[in-house]
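The block underneath contains the structure these notes are about, expressed in structure tokens.
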Amino acid sequence: MRKFKALLKKDLQIGKKTLLMPIWIILGYYILIAIALLIAFLGSDLQINLADIDFSDAPSVHIISYVAGLGIMSFPVILAAIFTLIMTQSGLNEDIRWNSELFHRSQPVSVWLRSLSKYVSGIAGNWLTYLAIGLLNLIIVVVILLSLNQLRLDFLLAGWLQALVGMMKITLIIGSFCFLFSALFKDKAFLQGLAIIVGIHFLVLILNFLLGWNLPLPLNNIIHLLKTNTIRGLDSFVTEKEIRHLIYLNWQDLVLSWRSLIQILVSGLLFIISTFIYKSKEIK
Amino acid sequence: MNVIEINHLTKYYGKFKALDDVSLQLPAGRIIGLLGKNGAGKSTLMRSILGYLKFKGQISLLGEEIHSHRESIHKHVAFIPDVNSLEDRLTVKQTLEYVKSLNDSWKEDKARQLLAGSDLPLNQKVKNLSKGMKTKLYLLITLSLDVKILLLDEPTLGLDIIFRKEFFNTILGEFFDETKTIVISTHQVEEVEHILQDIIFIDKGKVVLHEDIAELKDRYKVLTVPTSRKEELIAYDPILISPTLGNVSAIVSKDVSLEGAIESRPTLSDLFLGMVGGSNA
């Protein structure tokens, strides 16, 4: 455990800039909005009286809070996915590119442990970043909904947590594939890996068409693996009881479904294959 | 007891044969020099010993058969590669803490002593250090480990002459005892010659010679005569003949004697040039 901590600490020290980047982007985004609001307010163009907003035709406070919880994580999820991709696509090749592979390999520590540390820092490191952004967004939304008198904290937190778990699963899958690419390719691992998957996809398509086969298409399966059903047809969920049921259904899909199990198993398998490839490579 | 045993080691890079049927037995408690031209196979040999490369043949390291890289060997073996492979993205302090955390054989007192004697800036990133500073850091790390075998591939590359002398005369001496084995590959053979006990000449992937240095030097001598007597030297079939100012010197068998010739002991680089040839040693 001591060695794993040391590896993790080193990987986080190295990846600190990339991991913190989404936070700076979000902060910059908010600062720009604050400046724009301030300018509008000072120029007297902004005339918003929150008390005047009519919510009589709006959905129930429960659905507003729940959807707000889901929604405040939608922009950060794109950032989380991009930065997970950036971190993990260099997971197993960056030491080779930085010429430090021999130094790390010359330490009495298992390659599996080194690989795990890179995997965890690349994926879970981004989860922590995303959590920090999510907490910031949550505070802002709580303040806004409170001032609009539209806050149901339990529903807001349920939506927020479900979005968080959904993001964790998406980045786990994306990160695991990129991690595999990093074991296979030294440079531009994501693009090269994607090109190969797309190539295989079209090859299978052609084979299926020409030979009448029904082979599974790689891209379709990967997209299926990334899917979550968190946003269902919200129109049919109106009352508090119905929304509670919706939240329950979403938790089942997110955590207790076959898809979740497959997502975790595939990620684990990709990690094992990546490390095995990495371990068996010569260090020249 | 041999700490490293190599039998019929052959290594190809594509079609290029980097090591050709190398067999070596390296005993414990020796300081061994590995001398060869660029591309002779020195680094490949060291990396094969550590299992970093795939090869044909057998290698045994501290009694363990090496088929592929096993991290457990680094509990007893430290290695400095010929390229500067430290982690550029960490600071000096972070690097020291990292290595310390991973190595049970880390000697804190030794590390502090070496650090105090160096001018390494702890909070500076490794990438901002000069080449010499990086080498110093690598040496500090390696010599702070209590290991049985030290493999040094061009360890003083980039260092100034003062530190090189300090390293070979003092630092390495403090590390070494009869339980340890040091294998040094270097181009600066003159600087390291006095501490070496055994020498290995390697050329085009083959081991040309592996011998105790004292015994090797006892087999030969250098005879120097005026240039006009060059033919007399050639008659004794010297392994090397080279002109000097107004004179000519030759390395010949110790049994040869020539009236009026100045006799001296050959240096390692002379012997290397004589046995391997070329000017790139």
Side-chain angles (χ1 to χ4, degrees), chain A residues 1-21 86-87 89-118 120-122 125 182-183 186 275-284, chain B residues 11-14 18 43-44 46-48 50-55 67-91 93-106 125-127 134 137-138 141-142 145-147 150-153:
Chain A
M1 199 59 196
R2 175 176 54 89
K3 288 188 177 182
F4 184 67
K5 271 187 191 169
L7 289 169
L8 203 55
K9 187 178 168 187
K10 180 263 298 175
D11 285 327
L12 290 174
Q13 278 165 343
I14 288 172
K16 193 169 67 181
K17 271 187 186 168
T18 315
L19 283 171
L20 289 176
M21 193 69 80
I86 292 170
M87 285 281 285
Q89 75 153 349
S90 59
L92 293 176
N93 57 26
E94 63 172 355
D95 291 340
I96 297 167
R97 279 191 286 116
W98 279 84
N99 212 14
S100 59
E101 185 67 21
L102 272 174
F103 170 65
H104 294 296
R105 287 270 181 127
S106 300
Q107 305 304 322
V109 62
S110 152
V111 170
W112 288 93
L113 210 57
R114 275 189 62 215
S115 178
L116 183 65
S117 163
K118 288 173 181 294
V120 169
S121 62
S182 78
K186 190 178 167 188
T275 308
F276 189 76
I277 294 168
Y278 172 61
K279 189 177 161 64
S280 58
K281 274 186 177 176
E282 279 195 325
I283 312 161
K284 290 175 185 167
Chain B
K11 170 66 190 169
Y12 281 92
Y13 291 118
S43 298
T44 303
M46 285 198 174
R47 288 168 199 214
S48 298
L50 292 167
Y52 290 139
L53 302 172
K54 290 168 184 157
F55 54 81
H67 301 291
S68 58
H69 180 243
R70 263 190 305 210
E71 52 280 353
S72 58
I73 60 162
H74 292 292
K75 288 177 186 168
H76 309 294
V77 183
F79 173 54
I80 296 186
D82 62 345
V83 287
N84 204 329
S85 66
L86 281 169
E87 180 53 76
D88 274 349
R89 294 161 291 177
L90 295 178
T91 64
K93 193 178 175 185
Q94 287 168 343
T95 306
L96 293 173
E97 283 171 358
Y98 170 66
V99 177
K100 180 184 167 182
S101 305
L102 297 182
N103 285 276
D104 296 330
S105 60
W106 181 261
K125 285 227 165 140
V126 172
K127 70 177 171 192
K134 286 183 185 179
L137 176 60
Y138 219 145
I141 288 167
T142 310
L145 299 170
D146 187 17
V147 289
L150 202 52
L151 296 176
L152 306 171
D153 197 352

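Note: hydrogens, waters and symmetry copies are ignored here, and every other heavy atom, side chains too, is used.
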I'd like to check B/S101 versus A/F4 (side-chain heavy atoms, cut-off strictly below 4.5 Å). Are they in contact? no
Salt-bridge present (A/D95, B/R89; N to O < 4.0 Å): yes
Between A/K9, A/E101, A/Q13, which shows the greatest number of heavy-atom pairs under 4.5 Å with chain B? A/Q13
Looking at A/R114 and B/E71, is any side-chain nitrogen of the basic one under 4.0 Å from a carboxylate oxygen of the acidic one? no
Which atoms of B/K11 approach chain A - backbone, side chain, both or neither, heavy atom under 4.5 Å: side chain
Quick one: does A/P108's side chain get under 4.5 Å of B/D104's, heavy atoms only? no
Under 4.5 Å, counting heavy-atom pairs only, tell me which of B/L90, B/L145, B/I141, B/D88 racks up the most with chain A. B/L90
With a 3.5 Å distance limit and no angle check, can you tell me whether B/H74 reaches the backbone of A/S106 through a side-chain donor-acceptor pair? yes
Please output the residues of residues 14-21 of chain A in contact with chain B, using a heavy-atom cutoff of under 4.5 Å, in numerical order. A/I14
Nearest-0.5 Å distance, CD1 of residue B/I80 to CG of residue A/L102: 12.0 Å
Once rounded to the nearest 0.5 Å, what's the spacing between atom OG of B/S85 and atom CD1 of A/I96? 12.5 Å
Interchain contact, B/S105 with chain A, by part (heavy-atom threshold 4.5 Å): neither
Please indicate whether A/F276 has more than 12 foreign heavy atoms, meaning atoms of other residues, nucleotides or ligands, lying under 6.0 Å from its CZ. no
Do the side chains of A/R105 and B/H69 get nearer than 4.5 Å, heavy atoms only? yes
Taking A/E282, A/K279, A/K281 one by one, which has the highest count of heavy-atom pairs under 4.5 Å against chain B? A/E282
NZ (B/K75) with more than 12 external heavy atoms under 6.0 Å: no
Kindly write out the residues that satisfy ring pair (Phe, Tyr, Trp, His ring centres under 6.0 Å) with A/H104, not counting sequence neighbours, or none if the list is empty. B/Y98
Could you measure the distance from the CG atom of B/L102 to the CG atom of A/L113? Nearest 0.5 Å is fine. 9.0 Å
